[in-house]
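Everything numeric in this text was worked out from a predicted model, so none of it was measured. Numbers restart at 1 for each chain; the letters A, B, ... are given by sequence-line order, proteins then strands.
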Amino acid sequence: MTEHVSAAELFERYHLAVYHYFRRLTRRRDVAQDLAQEVFLRVVRDIQRYRSIGREAAWVFGIARHVLAEHRRGRQDEEQMVSGSEGVTSEAHQLLAFGIAEALDLLPHPDREMLLLREVGGFTYAEIAQIYPTSVEGVRCRLSRARGRLKDYLTRGRSSSRKHAGREPS
Amino acid sequence: MKDLHLETLSALFDGESVDPDILAEALADPQAPSALRQFAACRSELRQDPDRPDAEFYDSMREILRPSLFRRVVSRPLVPAALGTAVALAAGLAGFAVRPMVSPPSPEVTQGIHASSKSRGAGAVPAQPRAPRTGDEAVDSSQPATELRPADARPIGLAEWRERTAQ
């Protein structure tokens, strides 16, 4: 017999993944902590109504997505979220040592979120499709595209970083 | 690198099902090793993140989760037992409180038999006095609880009955 989990158990299991998900998306620790706290407040509030046994992670990250969307709507001007791969990064930014975090910023929101759900949350394509919601094929396609772009950004960024380092006086 | 090849490698990397023929093509792509290496580096960096929330975050979460923890402890194994105990206590208390008000008055026991036996027909043998009922004696529920007594009936004592039967 499957037993309902408590909010405390869900917090123990998923709080780090939720926190990292938000920190990667907002690039701010304080915002990530506030958003993670809001997620688990809602988990505590709604846990009695939750009935989908075995899909707790998808439920928690579904809440996380809603919290993030609300946050974006409320503080769009204040946050440094780059929207879309077309978001142009500054020359100074490109000259910095290019890392995963910077490359992630260049991905479109849906691609970035799905990649983080996969890599940070460890979800399968079917689970991501439930969270988002979209089809499994859609997840597969987006993840592939996100990885392809990430690869390009990292290659370009590192090469420009190397070029920049080469120009620097020794 | 073809999009289809990239997608196949990405799905393979995630443990999802892939078409074997397309996978063979994708793996034959000269860029396949670097793509897979890139995927692995990205995953490694994202998953091995040492950053943790502050102590204040955990303090506030402890406060938020406290009622939930209480509910978890209380709601699962103890609720049926607590409900059962409460019902039993309530029933006991209610019975104790109501009992003096509804208890029937103590019956006045009159030992004897009816003097008249008209209703039983001519030559009928008068009823024998019943022995005191023991606890394990079965009650005949088919008989009426009370016997209708004729209007002229008069209770007689045991001694009078013995006298009459001896004649």
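Two residues are said to be in side-chain contact when any heavy atoms from C-beta on lie closer than 4.5 Å; B:L65 and A:E12 fail this criterion. A:Q37 has its side chain out of reach of B:P53: every pair of non-hydrogen atoms, C-beta onward, lies at least 4.5 Å apart. Using a 4.5 Å heavy-atom cutoff, the side chains of B:E7 and A:R142 are not in contact.
Each of B:F39 and A:I128 belongs to its own hydrophobic cluster when Ile, Leu, Val, Met, Phe, Trp and Tyr are linked at side-chain heavy-atom distances under 4.5 angstrom. No chain of hydrophobic side-chain contacts below 4.5 Å, direct or via other Ile, Leu, Val, Met, Phe, Trp or Tyr residues, connects A:Y125 to B:L4. Note: the hydrophobic cluster containing B:V18 does not contain A:V136 (ILVMFWY, side chain heavy atoms under 4.5 Å, direct or indirect links). Hydrophobic clustering, with ILVMFWY side chains joined whenever heavy atoms are under 4.5 angstrom apart, groups A:L115 together with A:I131. A:M114 is not connected to B:L12 by any chain of hydrophobic side-chain contacts under 4.5 Å among Ile, Leu, Val, Met, Phe, Trp and Tyr, and they are in different clusters.
The distance from the NE2 atom of A:H20 to the CZ atom of B:R47 is 13.0 Å, given to the nearest 0.5 Å. Remark: A:R147 CZ to B:R43 CZ distance equals 5.5 Å, nearest 0.5 Å.
Crowding of A:D46 atom CG: a count of heavy atoms from other residues, nucleotides or ligands under 6.0 Å exceeding 12.
With a 4.5 Å cut-off on non-hydrogen atoms, A:L16 touches chain B through its side chain but not through its backbone. Contact annotation for B:E16: only side-chain heavy atoms (C-beta onward) come within less than 4.5 Å of a heavy atom of chain A.
The nearest pair of heavy atoms linking A:R24 to B:E45 is NH2-O, 3.5 Å. Nearest approach of B:C42 to A:I100, heavy atoms of both residues: CA-CD1, 3.7 Å. Between A:E119 and B:F13, the closest heavy-atom pair is OE2-CE2, 4.2 Å. Nearest approach of A:K151 to B:A35, heavy atoms of both residues: CE-CA, 3.6 Å.
Of the listed residues (B:L46, B:D51, B:T8), the one with the most heavy-atom contacts under 4.5 Å to chain A is B:D51. Chain B forms more heavy-atom pairs under 4.5 Å with one residue of A:A126, A:S144, A:A36 than with any other, namely A:S144. Most heavy-atom pairs under 4.5 Å with chain A, from the set B:D3, B:D49, B:L9, B:L6: that is B:D49.
Ring geometry for B:F57 versus A:F11: interplanar angle of 30 to 60°, hence tilted.
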**Request:** Evaluate the side-chain contact (heavy atoms from CB on, under 4.5 Å) criterion for residues B:I64 and A:F40: first the C-alpha distance (whole Å), next the side-chain angles of each, then the deciding distance (0.1 Å), finally the verdict.
**Result:** CA-CA 8 Å; B:I64 291 167; A:F40 287 101; 5.7 Å; no

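Under 4.0 Å is where a charged nitrogen must lie from a carboxylate oxygen, and between B:D54 and A:R29 at least one such pair does.
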